[in-house]
Amino acid sequence: MPELPEVETVRRGLQPYLEGAVIERVEQRRPDLRFPFPDRFAERLESRRVTAVGRRAKYLTIHLDDGAVVISHLGMSGSWRIEMSGEAVIPGEFHYERSKAAAHDHVVFHLLTASGEHGRVVFNDPRRFGFMLLAEERLLDEHPSLSGLGVEPTGNSLDGELLSSLLRDKRAPLKAALLDQRLIAGLGNIYVCEALWRAGLSPLRSAGTIAGPPDKPDVRAEELATAIREVIFDAIAAGGSSLRDYVHADGSLGYFQHSFSVYDREGEPCLRAGCGGTVERIVQSGRSTFFCAACQR
DNA sequence: ACTAGCCCCTGTCCGC
DNA sequence: TGCGGACAGGGGCTAG
């Protein structure tokens with residue numbers, strides 16, 4: 001479920017429970033997900049207090065009081081689930097109902113939260129494309145998973161000038177360039193399709209063709225930068241998109257899927273006023289692209 | 001240095 | 001009802 005808006009939604013859901021909580025125990029239920037877990041992963045987390053829950057692109061970062069950081073990626077099907085005991089802790093006792101693990105529950109963090117409740121946060125991932133790694137906080141930006149990432153679309157720096165410079169001389173299709181995490185970090189298949197529709201740009205055109213000369217960025221780069229930022233902010237405000245899986249850590253759904261203009265709308269009418277076109281589905285580098293050939297040029 | 005293609009894995013849906 | 005194939009929000013690796 002994971003593009004930037006979904007990961008940000010998960011981060012916001014986990015934050016109230018994780019920040020300030022002590023990780024009393026970690027159940028690591030298999031040796032690997034996409035990658036092997038780090039050596040002694042569970043032991044290295046136990047008795048640590050969580051100081052912050054962050055996000056970089058589509059990665060969650062769980063910061064611990066000893067300077068370690070858990071880097072977690074949700075892959076295609078990863079999700080987190082919060083299970084609280086609902087009871088205040090009685091000192092010296094450890095009790096909450098132990099429910100049976102669900103299928104594909106791979107990691108369970110047993111917590112004592114800052115507000116004094118026992119509970120768990122559970123990582124579930126049927127396809128196991130997700131992963132968890134460990135880094136040192138002071139070296140976080142240099143970690144191999146994060147060091148090559150491009151600009152955050154939620155920051156202030158993504159404007160027409162920067163986007164022009166990122167796309168200039170790129171001959172790859174515009175859609176492929178926007179999916180390249182080294183340029184802009186956090187966009188995925190849904191929001192690239194949606195941003196291109198909002199900007200009225202074809203996913204097929206060569207990326208460099210909207211850059212313009214270095215001294216005068218093309219207005220189309222400006223419009224695309226705006227479209228990217230707006231669609232990401234709109235999606236975050238909607239709690240992300242829930243397609244096949246729940247997004248939120250509390251089990252509730254995002255609702256941005258109701259605002260899709262093109263994604264998953266093959267054969268349906270283009271929603272742009274006066275367009276009259278039909279949304280098409282094509283395949284680019286193995287993934288579906290949804291767009292309107294009539295108004296996206 | 002680029003790009004396309006394949007792969008990892010499970011679940012679901014659709015057509016026969 | 002069963003079975004095979006296509007497809008799914010990602011990204012790392014390889015071969016051109």
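Note on naming: letters A, B, ... go to the chains in the order of the sequence lines (proteins, then strands), and numbering restarts at 1 for each one.
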Which of parallel (below 30°), tilted (30 to 60°) and perpendicular (above 60°) describes [X] and [Y]?
X        : Y        : value
A:Phe260 : A:Phe256 : perpendicular
A:Phe131 : A:His73  : parallel
A:Phe290 : A:Tyr263 : perpendicular

Do any side-chain nitrogens or oxygens of [X] fall under 4.0 Å of OP1 or OP2 in [N]?
X        : N      : result
A:Lys58  : C:dG11 : yes
A:Arg171 : B:dT3  : no
A:His73  : C:dG11 : yes
A:Ser288 : C:dA8  : yes
A:Tyr263 : C:dG9  : yes

**Message:** Donor-acceptor check, side chain of A:Arg25 to backbone of A:Glu27, threshold 3.5 angstrom: yes or no?
**Reply:**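 Flag not set: sc A:Arg25 to bb A:Glu27 has no pair under 3.5 Å.
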
**Asked** Would you say A:Glu152's side chain and A:Thr154's backbone share a donor-acceptor pair under 3.5 angstrom?
**Response**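 A pair under 3.5 Å: no.
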
**Request:** Look at all strands and tell whether A:Tyr59 reaches a base, only sugar-phosphate, or nothing, counting heavy atoms closer than 4.0 Å.
**Result:**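 Answer is sugar-phosphate: A:Tyr59 comes under 4.0 Å of backbone atoms only.
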
**Request:** Check every strand shown and say whether A:Gly286 touches a base, only sugar-phosphate, or nothing at a heavy-atom separation below 4.0 Å.
**Result:**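 The residue A:Gly286 makes no contact with any strand.
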
Check the distance between [N]'s [atom2] and [X]'s [atom1] and give it to me in whole angstrom.
X        : N      : atom1 : atom2 : result
A:Gln257 : C:dA8  : CD    : P     : 17 Å
A:Phe131 : C:dG11 : CZ    : C1'   : 8 Å
A:His104 : B:dT12 : NE2   : C1'   : 12 Å
A:Leu243 : C:dC7  : CG    : P     : 16 Å
A:Arg127 : B:dC7  : CZ    : C1'   : 11 Å
A:Leu133 : C:dG12 : CG    : P     : 10 Å
A:Leu146 : C:dG12 : CG    : P     : 10 Å
A:Ile282 : C:dC7  : CD1   : C1'   : 16 Å

Could you tabulate the donor-acceptor pairs under 3.5 Å formed by side-chain atoms of residues 223-232 of chain A, not counting sequence neighbours?
residue: A:Thr226; atom: OG1; partner: A:Glu222; partner atom: O; Å: 3.0
residue: A:Arg229; atom: NH1; partner: A:Gly155; partner atom: O; Å: 2.2

**Request:** Record whether the side chain of A:Arg287 comes under 3.5 Å of the base of C:dA8 through a donor-acceptor pair of N or O atoms.
**Result:**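 Between C:dA8 and A:Arg287, which were checked side chain against base, a qualifying N/O pair under 3.5 Å is absent.
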
**Donor/acceptor link under 3.5 angstrom from A:Arg128 side chain onto base of B:dC9** =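 No such pair is found, so the answer is no.
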
**Asked** What stems involve DNA chain C, if each pair must be Watson-Crick or G-U and both of its distances must be under 3.5 Å, with 3 or more such pairs in a row?
**Response**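 So the stems come out as B:2-8 with C:10-16, B:10-16 with C:2-8.
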
**Nearest-nucleotide 5' precedence on DNA chain B, A:Arg34 against A:Arg244** =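 Nearest nucleotide further toward 5': that of A:Arg34.
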
When you measure from the side chain of [X], which nucleotide among [options] comes out closest?
X        : options               : value
A:Pro2   : C:dG9, C:dG11, B:dC9  : C:dG9
A:Phe129 : C:dG10, B:dT10, B:dA4 : C:dG10
A:Glu3   : C:dG11, B:dC9, C:dG9  : C:dG9

**A:Leu18 vs A:Ile23, side chain to side chain contact (heavy atoms under 4.5 Å, CB included): CA-CA, chis, key distance, verdict** = CA-CA 9 Å; A:Leu18 276 179; A:Ile23 301 171; 5.6 Å; no

**Item:** Span that lies between the P atom of B:dG5 and that of C:dC7, in whole angstrom
**Value:**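 So the two P atoms sit 15 Å from each other.
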
**Asked** Can A:Asp264 and A:Arg281 be counted as an ion pair, charged N to O under 4.0 angstrom?
**Response**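 Result for this pair is no, no salt bridge flagged.
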
